[in-house]
Engineer: 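Encoded as C-alpha cells, here's the structure I'll be asking about.
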Amino acid sequence: MSFSTILSAAIQGLHVDMIHVEADVSNGLPVFHMVGYLSSEVREASERVRTAIHNSGFQIPAKKMVVNLAPATVRKKGSSFDLPIALAILSSMGVFPGEQLKETLVIGELSLDGSIKEVPGILPIVMQAKEEGCRRCIIPRQNVREGALIRGMEIIGAAHLKEICRYLNQEEELEAITGGMQEGMQDVQEKEALDYSDIKGQEAVKRAMEVAVAGGHNLLLIGPPGSGKSMMARRVPTILPPPALEESIEITKIYSILGMVDKERPLITGRPFRSVHHTVTKTALAGGGMIPVPGEISLAHGGVLFLDELTEFQKPVLEVLRQPLEERQIRITRALGNFVFPADFILICAMNPCPCGNYPDYNRCTCTPVKIQQYLSRISQPFLDRIDICVEAPRLQYEALTDGGGQESSAKIRGRVCAARKVQQKRYEGRRILTNSVLGVNELKEFCHLGKDEESLMRQAFGALGLTARTYHKILKVARTIADLDGSERIREQHLKEAIGYRTIDKKYWR
C-alpha cells in the first residue's frame, strides 16, 4: 500500500478542525514534499520526521514522498503534526496495517531520536474527536491525564515512535485509559492560602466585595497606598462559589490551548485570578495574533480580572475592555475569519485618587487641582459607566491594625455568596442568565420592579447624580443583589440606598 490517511487536528482560536494527514510513497525522484497551507514550523516537520524515522530503526526508501494536510483551506501551525505525518509515511511503507488507525486521532511532536514530546491543546482536541465519532486517541504520554478528562474516550499515551509501531503491529501492549478521571479530580480542593480573616478593618470595602461577587458585578477600589486594596482583591477567589464540572472543563480548555495546565492535575477546580500589569498591550489583554489565541480577558473567564494602578494603563488598552464587559465575550476579526473567545469575568480595579495618593486629605496631598484632574481624566466616563460598584478604601487607623478581635473568614462570606447565587439560579431557571449582572432591559422590568417609595428615591438620585441609562440599570442590578443577600423577594428602600451609595464615590472624584 503506497497511500494512507491518518486523522489529526488543528486549533483555530478555541475551535478545533479535523485534519486528514495523507501520505503517498511512490516511484520517482527521491523527494519529501509537503503541501496543505502550512506554516513554517509545520514545513520544518519534514526534517524532524525523516530523522526520527531513521533513528527509530526504519529504512526510508529512495522514493517520492508527498504529504498533504487536508483541508487545504485551514492554516496549520505548530509541531503537533509530526507524529501523524510519521505514522502516515510508515503506513504507506507497509510497516504496519493502516486499518489499525481507523477511528483513531493521532497528535504529537517528535524529537530527532523518535521520542514523543507533549503538545498544547489536548483537551479541546479530544473533546472534538469524541464529537466526530473517534473511539481512540494516541497522544504523548505527558498529556494522558489531560486527555483522560473526557469521558468515554480511549486514551493511549506513547513515549516513542518505535513503540507505537510495535503496538499497531500487535507486538507490544500500550496502556489504554478510558476517559472519566474528572470525578476524582473535581473532589480535590486545595486549601486556600489567603483568607479575608487576615484583613483588619475596611468593613465597608469587604461588604462591597461581597455584593460584587454575589451578583457578578464589576468593582472599582479608590484609596491611598497601603489601604489594602490589592490585598482584598487577591482574596476575592476565596469567596467565589466553586465552579461546576462543566465550568471547570471550559476553563481548563482555554488554559490547555495555551499549554498552561498542570500535567499531573490538569483539571482546574478553582476560579482563575489574573492580575495584569499596567504595561500590558491590547493584544495581550484581548488576545490576537495571525491565528488569534486567547488573551488575559479569556484567561480570567469564570473568575476575576484584576487591574491594579488603573490610571497607569494606557487609555486604548482600557477601552478594549468595554465591549467584552457588555457582551461577556470578545470578538476578533482577522483575514482567516472571525474568532469568538469567552470573557465572563468579574473586573476588579484599584487606583490611587491622585498622583501622590493622598487626595482629598489636603494635609498630606501635594498635588495641584490641575494634576489631579489630569490624573483622573485617564479613566473615561464610558469605562466608568461599566463599573457597577465604586467604593473608597480609606487609610487604616492604628486602632484597626492592632484590634485583636476576630475577623470574618472567607468561608463564612462564601456561604452567604453561594446562598445568593442559588436564589438567582432558581429565579432565572430556563434562561441564559446566571447572575444579576447580566440582566437585560426586559429582565430588569420583570425582576427589579420598584414600589412607589423606591421609584421616588430613584428619580431623585437620577437627577442629583446625573446618571446615564447604563448606570441607572446597574444600580437596579446591584440593588437586586443586595436584596438577594438580605433574603428579600423585592427591592426595598434600604437596598436601593446602598446601591446608590456605591455610585456616589465616582461622582466625588469625576465631577
Side-chain angles (χ1 to χ4, degrees), residues 149 182-199 205-219 232-255 265-275 297-306 325 328-329 342-348 388-389 407-439 443 447 477-488 495 499:
L149 291 174
Q182 63 265 36
E183 290 89 349
M185 293 186 183
Q186 184 73 4
D187 294 337
V188 177
Q189 293 289 335
E190 291 184 4
K191 181 176 173 56
E192 301 285 1
L194 304 175
D195 198 281
Y196 269 104
S197 60
D198 303 331
I199 299 173
V205 183
K206 291 181 189 176
R207 167 64 178 177
M209 288 190 158
E210 181 180 336
V211 173
V213 172
H217 304 290
N218 302 318
L219 175 70
M232 287 183 282
R234 293 184 186 281
R235 283 158 175 76
V236 167
T238 66
I239 62 174
L240 276 166
L245 179 58
E246 293 76 12
E247 288 181 284
S248 291
I249 291 289
E250 186 178 11
I251 294 168
T252 306
K253 178 180 175 181
I254 299 170
Y255 281 73
R265 291 182 53 195
L267 186 65
I268 297 175
T269 57
R271 297 283 181 178
F273 180 86
R274 303 296 299 180
S275 180
I297 288 176
S298 298
L299 288 172
H301 176 69
V304 176
L305 179 67
F306 178 48
L325 285 175
R328 305 285 170 169
Q329 61 183 14
D344 190 0
F345 58 89
I346 296 175
L347 176 67
I348 297 181
D388 304 56
I389 298 173
Q407 301 294 314
E408 200 171 32
S409 68
S410 292
K412 195 170 182 180
I413 301 173
R414 177 183 267 176
R416 295 196 297 268
V417 168
C418 290
R421 288 281 184 110
K422 285 179 182 176
V423 169
Q424 294 168 58
Q425 289 172 10
K426 185 176 180 181
R427 180 189 299 128
Y428 309 129
E429 192 173 359
R431 305 170 186 254
R432 299 184 64 181
I433 298 174
L434 296 177
T435 59
N436 293 325
S437 62
V438 296
L439 289 174
E443 288 84 8
F447 300 111
K477 295 175 188 178
V478 173
R480 177 68 268 172
T481 300
I482 296 169
D484 291 339
L485 285 168
D486 200 25
S488 175
H495 307 141

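The shown structure was predicted, so the numbers you read here are calculated from the model rather than taken from an experiment.
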Engineer: Starting from the C-alpha separation in whole Å, work towards a yes-or-no answer on side-chain contact (heavy atoms from CB on, under 4.5 Å) for L245 and L267.
Structural biologist: CA-CA 9 Å; L245 179 58; L267 186 65; 4.2 Å; yes

Engineer: Looking at CG of L194 and OG of S410, how far apart are the two atoms once the value is rounded to the nearest 0.5 Å?
Structural biologist: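 Taking CG in L194 and OG in S410, the distance rounds to 8.0 Å.
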
Engineer: Kindly compute the distance separating OG (S409) from CG (D198), expressed to the nearest 0.5 Å.
Structural biologist: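 It is 10.5 Å, given to the nearest 0.5 Å.
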
Engineer: Salt bridge (Lys or Arg N to Asp or Glu O under 4.0 Å) with D486: which residues, sequence neighbours excluded?
Structural biologist: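 With sequence neighbours excluded, D486 shows a salt bridge (Lys or Arg N to Asp or Glu O under 4.0 Å) to no residue whatsoever.
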
Engineer: In the structure I gave you, are the side-chain heavy atoms of P241 and V417 within less than 4.5 Å of one another anywhere?
Structural biologist: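 The answer is yes, as the side chains (C-beta and beyond) meet within the 4.5 Å cut-off.
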
Engineer: Under the rule for salt bridge (Lys or Arg N to Asp or Glu O under 4.0 Å), what residues qualify as partners of K253, not counting sequence neighbours?
Structural biologist: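 By the salt bridge (Lys or Arg N to Asp or Glu O under 4.0 Å) rule, K253 matches no residue at all.
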
Engineer: Nearest 0.5 Å, please: how far is CG in D484 from CZ in F447?
Structural biologist: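 Those atoms lie 11.0 Å apart.
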
Engineer: List for me each residue that meets side chain to side chain contact (heavy atoms under 4.5 Å, CB included) alongside N218, sequence neighbours excluded, and say none if there are none.
Structural biologist: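 If we apply the side chain to side chain contact (heavy atoms under 4.5 Å, CB included) test to N218, skipping adjacent residues, the hits are L325, L347, I387, D388.
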
Engineer: What's the shortest heavy-atom distance between A233 and F273, and which atoms?
Structural biologist: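 Scanning both residues, the minimum pair turns out to be O-CE1, 3.3 Å.
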
Engineer: Identify, with sequence neighbours excluded, every residue that meets side-chain hydrogen bond (donor to acceptor under 3.5 Å, both in side chains) alongside E247.
Structural biologist: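 side-chain hydrogen bond (donor to acceptor under 3.5 Å, both in side chains) list for E247, sorted by chain: R271.
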
Engineer: So, K206 side chain and E408 main chain: donor-acceptor pair closer than 3.5 Å or not?
Structural biologist: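 It does not hold such a pair.
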
Engineer: Checking E250 now: which residues fulfil side chain to side chain contact (heavy atoms under 4.5 Å, CB included) with it, not counting sequence neighbours?
Structural biologist: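 E250 satisfies side chain to side chain contact (heavy atoms under 4.5 Å, CB included) with H301, P342 once adjacent residues are dropped.
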
Engineer: For residues S488 and R480, report the shortest heavy-atom separation together with the two atoms involved.
Structural biologist: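 Looks like O-NH2, 2.9 Å.
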
Engineer: Sequence neighbours left out, cut at 3.5 Å: what donor-acceptor pairs do the side chains of residues 207-216 make with other protein atoms?
Structural biologist:
residue	atom	partner	partner atom	Å
R207	NE	E498	OE2	2.9
R207	NH2	E498	OE1	3.3
E210	OE1	R416	NH2	2.8
E210	OE2	R416	NE	2.8

Engineer: Among L299, V304, I297, whose side chain to side chain contact (heavy atoms under 4.5 Å, CB included) with F345 holds?
Structural biologist: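 Of the listed residues L299, V304, I297, the side chain to side chain contact (heavy atoms under 4.5 Å, CB included) partner of F345 is I297.
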
Engineer: By side-chain hydrogen bond (donor to acceptor under 3.5 Å, both in side chains), which residues pair with S197, not counting sequence neighbours?
Structural biologist: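 S197 satisfies side-chain hydrogen bond (donor to acceptor under 3.5 Å, both in side chains) with D195 only.
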
Engineer: Identify the two heavy atoms, one from A483 and one from H495, that lie closest to each other, and give their separation to 0.1 Å.
Structural biologist: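 The pair with the smallest heavy-atom distance is CB-ND1, 3.6 Å.
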
Engineer: CG of N436 to CZ of R427: how many Å apart, nearest 0.5 Å?
Structural biologist: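 Nearest 0.5 Å value for the CG-CZ distance: 5.5 Å.
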
Engineer: Could you grab the distance from atom NE2 of H217 to atom CD1 of I482, nearest 0.5 Å is fine?
Structural biologist: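 These two atoms lie 8.0 Å from each other.
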
Engineer: Is the backbone N or O of M232 less than 3.5 Å from a side-chain atom of Y196, with the two atoms forming a donor-acceptor pair by type?
Structural biologist: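 Judged by distance alone, yes, a pair lies under 3.5 Å.
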
Engineer: Who are the side-chain hydrogen bond (donor to acceptor under 3.5 Å, both in side chains) partners of T252, not counting sequence neighbours?
Structural biologist: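 side-chain hydrogen bond (donor to acceptor under 3.5 Å, both in side chains) list for T252, sorted by chain: empty.
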
Engineer: Does the side chain of S437 come within less than 4.5 Å of R328's, by heavy atoms?
Structural biologist: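 When only atoms from C-beta onward are counted, S437 and R328 do touch, with a gap below 4.5 Å.
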
Engineer: Name all residues meeting the ring pair (Phe, Tyr, Trp, His ring centres under 6.0 Å) criterion together with Y255; count only those two or more places apart in sequence or in a different chain, and write none if there are none.
Structural biologist: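 With neighbours one apart ignored, the set is empty.
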
Engineer: Could I get the full list of side-chain hydrogen bond (donor to acceptor under 3.5 Å, both in side chains) partners for S298, not counting sequence neighbours?
Structural biologist: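 Here no residue qualifies.
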
Engineer: Measure the spacing between CD of E443 and NZ of K477 and express it to the nearest 0.5 Å.
Structural biologist: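 Answer for the CD-NZ pair, E443 versus K477, is 9.5 Å.
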
Engineer: If you look at every heavy atom in R421 and L240, which pair is closest and at what distance?
Structural biologist: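 Where R421 meets L240 most closely, the heavy atoms are NH2-CD2, 3.9 Å.
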
Engineer: With sequence neighbours excluded, tell me which residues meet salt bridge (Lys or Arg N to Asp or Glu O under 4.0 Å) with R274.
Structural biologist: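 Checked R274 against salt bridge (Lys or Arg N to Asp or Glu O under 4.0 Å); matches are E296.
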
